[in-house]
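Data block below; observations after.
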Amino acid sequence: MIHPRIIHRILGILLLIEAGVLLLCSLLPVYYGEKDFFAFIMASLITVCFGIVFFIMGKNSGGMENVITRRDGYIVVTVSWILSSL
């Protein structure tokens with residue numbers, strides 16, 4: 001049985017972590033004086049928005065069914081790779 005709320009919550013957390021990494025990467029153009037700073041900021045803002053949406057969709061995922069099955073893990077890994085590459 002697939003637990004979509006848990007999957008959404010995990011994907012939301014992963015997207016928020018990725019947005020944080022993008023913000024760290026945005027420091028390099030500032031250090032070198034390049035103009036790519038805004039591209040990193042826009043990418044991180046878009047990632048934060050999607051991360052918050054997924055996190056809210058996964059709200060109330062606690063309780064007795066807070067167990068991740070193997071199928072849930074496969075789905076999380078596959079979708080997180082797809083979302084990260086987009």
Side-chain angles (χ1 to χ4, degrees):
M1 181 174 189
I2 297 175
H3 302 98
R5 287 185 185 216
I6 294 174
I7 293 171
H8 286 132
R9 186 176 178 100
I10 293 171
L11 289 175
I13 291 170
L14 288 174
L15 285 173
L16 291 173
I17 290 171
E18 185 176 352
V21 172
L22 280 171
L23 284 175
L24 285 175
C25 291
S26 68
L27 295 176
L28 284 175
V30 171
Y31 179 74
Y32 287 111
E34 296 176 358
K35 297 179 181 180
D36 296 334
F37 173 73
F38 294 110
F40 282 108
I41 294 297
M42 290 302 295
S44 64
L45 286 177
I46 292 169
T47 307
V48 164
C49 291
F50 279 105
I52 289 172
V53 167
F54 274 104
F55 191 76
I56 290 173
M57 287 172 57
K59 198 170 183 173
N60 299 328
S61 64
M64 294 301 291
E65 57 180 51
N66 200 6
V67 177
I68 299 173
T69 62
R70 184 177 293 170
R71 186 178 292 175
D72 294 337
Y74 290 142
I75 291 172
V76 166
V77 169
T78 304
V79 174
S80 66
W81 275 104
I82 292 170
L83 289 175
S84 294
S85 64
L86 289 177

[X] side chain near [Y] side chain, heavy-atom distance below 4.5 Å:
| X | Y | result |
| --- | --- | --- |
| Tyr31 | Leu27 | no |
| Leu83 | Leu14 | no |
| Phe55 | Ile13 | yes |
| Val79 | Ile7 | no |

Path from [X] to [Y] over hydrophobic side-chain contacts below 4.5 Å:
| X | Y | result |
| --- | --- | --- |
| Phe37 | Tyr32 | no |
| Ile2 | Val76 | yes |
| Leu45 | Phe38 | yes |

Spacing of [atom1] belonging to [X] relative to [atom2] belonging to [Y], to within rounding of 0.5 Å:
| X | Y | atom1 | atom2 | result |
| --- | --- | --- | --- | --- |
| Thr47 | Ile17 | OG1 | CD1 | 12.5 Å |
| Phe50 | Leu15 | CZ | CG | 9.0 Å |
| Ile46 | Leu86 | CD1 | CG | 11.5 Å |

Can you name the closest pair of heavy atoms from [X] and [Y] and give their distance?
| X | Y | value |
| --- | --- | --- |
| Ile68 | Gly73 | CG2-N, 3.9 Å |
| Ser26 | Phe40 | CB-CB, 3.5 Å |
| Arg5 | Lys59 | NH1-O, 3.4 Å |

(request) Kindly write out the residues that satisfy side-chain hydrogen bond (donor to acceptor under 3.5 Å, both in side chains) with Ser84, not counting sequence neighbours, or none if the list is empty. (result)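 side-chain hydrogen bond (donor to acceptor under 3.5 Å, both in side chains) list for Ser84, sorted by chain: Glu18.
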
(message) Connecting only ILVMFWY residues whose side-chain heavy atoms lie within less than 4.5 Å of each other, what is the rest of Leu16's hydrophobic cluster?
(response)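 Grouped by the 4.5 Å side-chain rule, Val48, Ile52, Ile56 form the rest of the cluster around Leu16.
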
(request) Applying side chain to side chain contact (heavy atoms under 4.5 Å, CB included), name anything that partners Thr69, two or more places apart in sequence or on another chain. (result)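 Counting only residues at least two positions away or on another chain, Thr69 forms a side chain to side chain contact (heavy atoms under 4.5 Å, CB included) with His3, Arg71, Asp72.
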
(message) Tell me if a side-chain donor or acceptor on Thr78 pairs with a main-chain N or O of Ile75 at a distance below 3.5 Å.
(response)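 Judged by distance alone, no pair lies under 3.5 Å.
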
